[in-house]
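Worksheet: one structure, shown below.
Numbers here simply count residues along the sequence, with the first being 1. Owing to the predicted nature of the structure, the values given are computational and were not obtained by experimental measurement.
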Amino acid sequence: MTEIVYRSIGIIRTPYRVLEEMPIQPRWASGVRGTVELDQGLRDGLADLNGCSHVVLLYHFHRAGTARLRVVPFHDVVERVDMLDGTPLLDIKPHVFD
C-alpha cells in the first residue's frame with residue numbers, strides 16, 4: 001500500500017475538550033457552535049464560497065487511535081464516528097442544495 005502524507009489547512013474548534021463532554025448524538029448539540037481556523041495564507045481560497053448554501057469539511061481523525069475509526073458511544077448500541085476539538089482540517093468543498 002502507498003503511504004500518503006498530507007498537511008492540514010487549519011483546525012476545527014468545538015467546545016468539547018474531552019470525550020465525556022461530547023454529546024452522544026449531534027441532535028443533542030443543537031445550537032452548539034464550532035469554528036474553523038484556516039491557515040492565513042489560504043484565506044483567499046474562500047472567496048467563492050459566498051454563493052454556497054453549505055460546505056463539506058474533510059478532516060483527519062487524529063484522536064481515533066489505531067484502527068478505531070468507529071466507537072459505540074455511552075448508552076448506545078450503534079457504532080458512531082468519534083471527533084473532538086482540535087481536529088486537523090484537510091479541505092473545504094462547496095455544496096449548494098436546491
Side-chain angles (χ1 to χ4, degrees):
M1 190 173 281
T2 302
E3 180 181 7
I4 298 172
V5 179
Y6 53 83
R7 183 178 76 85
S8 69
I9 63 170
I11 298 291
I12 299 171
R13 296 283 182 203
T14 75
Y16 307 110
R17 303 291 184 249
V18 295
L19 185 61
E20 294 77 21
E21 295 174 0
M22 189 172 65
I24 295 171
Q25 297 292 327
R27 66 186 169 120
W28 292 318
S30 179
V32 174
R33 297 189 61 122
T35 59
V36 170
E37 297 174 5
L38 189 64
D39 287 353
Q40 287 285 79
L42 302 174
R43 290 187 180 210
D44 287 344
L46 299 177
D48 293 332
L49 289 182
N50 288 336
C52 300
S53 60
H54 294 76
V55 295
V56 175
L57 303 178
L58 302 179
Y59 48 86
H60 173 77
F61 288 120
H62 71 300
R63 294 185 183 175
T66 305
R68 284 203 72 216
L69 295 180
R70 296 178 63 88
V71 297
V72 178
F74 180 70
H75 285 312
D76 204 342
V77 294
V78 178
E79 285 186 326
R80 307 286 180 200
V81 175
D82 184 17
M83 182 176 121
L84 296 174
D85 180 61
T87 298
L89 179 64
L90 303 178
D91 200 1
I92 300 173
K93 299 291 185 190
H95 190 79
V96 178
F97 286 100
D98 291 328

Legend entry - Heavy-atom closest pair, residues L89 and L58: CD1-O, 3.4 Å
Contacts table for residues 36-44: side-chain donor-acceptor under 3.5 angstrom, sequence neighbours left out:
from, atom 1, to, atom 2, distance (Å)
E37, OE2, R13, NE, 3.3
D39, OD2, R7, NH1, 3.1
Q40, OE1, R43, NE, 2.7
Q40, OE1, R43, NH1, 3.4
Q40, OE1, R43, NH2, 3.3

Inset, instruction - Among residues two or more places apart or on two chains, list those pairs meeting salt bridge (charged side-chain N to carboxylate O under 4.0 Å, His left out) that have a residue in residues 21-33. - result: none
Inset, instruction - Side-chain contact test, heavy atoms from C-beta onward, threshold under 4.5 Å: evaluate it for Y16 versus P23 and give yes or no. - result: yes
